[in-house]
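For reference, the structure I am asking about is given below.
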There are 2 protein chains.
Amino acid sequence: MTSELDRIDLKMLRLLQNNGRLSNAELAKLVDVSAATCHRRTQRLFEEGYIKSVRAMVEPQKVDRGALVMVGVVLDRSTPESFGTFEKAVAKLNFVLDCNLVAGDFDYFLKIRVRDMADFNRIHGTQLIALPGVRQTRTFFVMKEVVDNAPLNF
Amino acid sequence: MTSELDRIDLKMLRLLQNNGRLSNAELAKLVDVSAATCHRRTQRLFEEGYIKSVRAMVEPQKVDRGALVMVGVVLDRSTPESFGTFEKAVAKLNFVLDCNLVAGDFDYFLKIRVRDMADFNRIHGTQLIALPGVRQTRTFFVMKEVVDNAPLNF
DNA sequence: GATGAAATCCGAGTCAC
DNA sequence: GTGACTCGGATTTCATC
């Protein structure tokens, strides 16, 4: 059963979001509870799904994925089957970081990371416009990343 | 000095990206090196900036930030000062997860997380259109998150 | 139900090689 | 790069409230 989070749980979540490598002992000191209690509470945050995962944030430039592109997609038809087919296909593309169904001028917005513009153009021509049901795409090259993946505020 | 990554380093990066809680001992087994070697290599990945940080991924719905919104922004003027002022102001808004300067019909794209639509409307009226130099904004409410923050493929 | 103290166990970090 | 050793933290037990 998922019960409420108290002030200590929230503080732990914020601390772990900003530094997932905190040891249990360190975290316990920061939130002023015993190591045993801290351990139990952390377990609960995982078990009850408050923390989905802990992830090392890899620097994209360092692994040759320095180009970020936003792509707006419009589908041919707005049927549930059409959406479903498109979504299944997109989920397999590992260069797609985000894919969101939106209300407005586009059906979907994609956030994509690739090596460079040439790489994107190749992928666009071979994989994006080839996605099922795509009528048109609009590409927005990112010229500067001002804020990238900021921690969640809560 | 930043030298190249070999096959083992890359494998470690991928493993840590998918599970930042892996202990050094576990990681060492997975990449088939001794714990001491694994430890030194991991240190290097941090020191040389391959891993920016390790983050607990908090489930937005669980902390009352279930609404995701993409916002396209157009500025009044396209001067460096105008961009700089806008960017400084945006960086202070803790509900902004991403902010990217793009080429195309908009100047910036923002990715925003809030409690709900009512919350967004309040924020839009009081904080977004009030950002320095904003001529217009276009809001795309996210109706379904198909892929959210997928791990980087490299 | 929750907690913290203590006891055990295991891994991190450091050493020599 | 490996293996060993030491020390500190992770995890469990248990008494207590």
Side-chain angles (χ1 to χ4, degrees), chain A residues 1-65 149 151-154, chain B residues 1-66 149 151-152 154:
Chain A
M1 197 53 211
T2 297
S3 45
E4 283 296 293
L5 297 181
D6 64 15
R7 179 170 284 97
I8 293 174
D9 294 314
L10 287 171
K11 193 170 180 184
M12 288 172 58
L13 271 182
R14 293 191 190 101
L15 286 165
L16 287 173
Q17 182 180 224
N18 283 296
N19 182 4
R21 297 168 66 210
L22 277 176
S23 72
N24 184 66
E26 290 169 318
L27 186 59
K29 282 192 200 83
L30 289 169
V31 299
D32 199 35
V33 294
S34 71
T37 296
C38 184
H39 186 256
R40 265 192 307 266
R41 281 175 178 259
T42 306
Q43 294 263 81
R44 189 172 81 94
L45 292 176
F46 280 96
E47 283 163 8
E48 297 185 355
Y50 291 95
I51 299 176
K52 281 181 291 189
S53 65
V54 175
R55 171 113 48 100
M57 308 301 286
V58 176
E59 180 68 47
Q61 279 78 9
K62 291 276 198 169
V63 291
D64 213 21
R65 292 295 179 275
N149 234 313
L152 189 58
N153 173 254
F154 58 91
Chain B
M1 197 54 213
T2 296
S3 44
E4 283 295 296
L5 297 181
D6 64 15
R7 179 169 284 96
I8 293 175
D9 294 312
L10 287 171
K11 192 170 181 185
M12 289 172 58
L13 271 182
R14 292 190 190 100
L15 287 165
L16 287 173
Q17 182 180 222
N18 284 296
N19 182 5
R21 295 199 307 155
L22 277 175
S23 72
N24 184 66
E26 291 169 318
L27 186 59
K29 281 192 200 85
L30 289 170
V31 299
D32 199 35
V33 295
S34 70
T37 296
C38 185
H39 186 258
R40 259 184 289 104
R41 279 174 179 259
T42 305
Q43 294 263 80
R44 188 172 83 95
L45 292 177
F46 279 96
E47 284 162 9
E48 298 185 354
Y50 290 96
I51 299 177
K52 279 181 291 189
S53 65
V54 176
R55 271 238 220 120
M57 309 301 285
V58 176
E59 180 69 47
Q61 279 77 10
K62 290 276 199 170
V63 291
D64 212 22
R65 292 294 179 275
N149 232 314
L152 189 59
F154 57 92

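Labels below follow one simple rule: chain letters A, B, ... track the order of the sequence lines, proteins then strands, and each chain is numbered from 1. Computed from a predicted model, the values in this text were never measured in an experiment.
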_Taking 4.0 Å as the cut-off, does a side-chain nitrogen or oxygen of B:His39 come that near to OP1 or OP2 on C:dG13?_
yes

*Tell me, do B:Lys62 and A:Tyr50 make a side-chain contact under 4.5 Å, heavy atoms counted?*
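Yes. Closest side-chain heavy atoms under 4.5 Å.
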
_Quick check against the 3.5 Å criterion: does A:Arg14 have a side-chain atom that pairs as donor or acceptor with the backbone of A:Phe154?_
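Yes.
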
_Which atom of B:Asp9 lies closest to which atom of B:Glu4, heavy atoms considered_ =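 The pair with the smallest heavy-atom distance is OD2-O, 4.3 Å.
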
*State which residues pass salt bridge (charged side-chain N to carboxylate O under 4.0 Å, His left out) with B:Asp32; sequence neighbours excluded, sorted by chain then number.*
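With sequence neighbours excluded, B:Asp32 shows a salt bridge (charged side-chain N to carboxylate O under 4.0 Å, His left out) to no residue whatsoever.
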
*Of all residues at least two apart in sequence or in a different chain, which pass the salt bridge (charged side-chain N to carboxylate O under 4.0 Å, His left out) check with B:Arg65?*
none

*Could you check which residues of residues 16-35 of chain B get a heavy atom under 4.0 Å from DNA chain C? Sort them by number, please.*
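Hits under 4.0 Å, by residue number: B:Ser23, B:Asn24, B:Ala25.
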
_Here's a test of your reading of the structure: between B:Asp6 and A:Ala36, which maps to the more 5' nucleotide of DNA chain D?_
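Upstream on the strand: B:Asp6.
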
_Tell me the closest heavy-atom pair linking B:Leu152 and A:Pro60, and the distance in Å._
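In terms of heavy atoms, the two residues are closest at CD2-CA, 3.8 Å.
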
_Residue pairs passing the side-chain hydrogen bond (donor to acceptor under 3.5 Å, both in side chains) test where at least one lies in residues 16-25 of chain A, sequence neighbours excluded_ =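 Listed once each, the pairs are A:Ser23-A:Glu26.
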
_Looking at every non-hydrogen atom in both residues, tell me the closest pair between B:Leu5 and B:Leu10 and how far apart they are._
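Scanning both residues, the minimum pair turns out to be CD1-CD2, 4.0 Å.
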
*Helix axis bend for the helix from C:dG1-D:dC17 to C:dC17-D:dG1 - C1'-based end axes, five pairs, 10° rounding*: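 Roughly 20° between the end axes, to the nearest 10°.
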
*Distance-only, no hydrogens or angles: does the A:Lys29 side chain make a donor-acceptor pair with backbone N or O of A:Ala35 under 3.5 Å?*
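No: the side chain of A:Lys29 does not pair with the backbone of A:Ala35.
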
*asked:* Rounded to whole Å, how long is the line connecting atom CZ of B:Arg40 with atom P of C:dG13?
replied: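 Interatomic distance, CZ of B:Arg40 to P of C:dG13: 13 Å.
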
*When A:Ile8 is tested against each of A:Leu13, A:Thr37, A:Val33 for side-chain contact (heavy atoms from CB on, under 4.5 Å), which residue passes?*
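The passing option is A:Val33.
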
_Segment of DNA chain D, first to last nucleotide, that comes within the 4.0 Å heavy-atom reach of chain A_ = D:dG9 to D:dT12

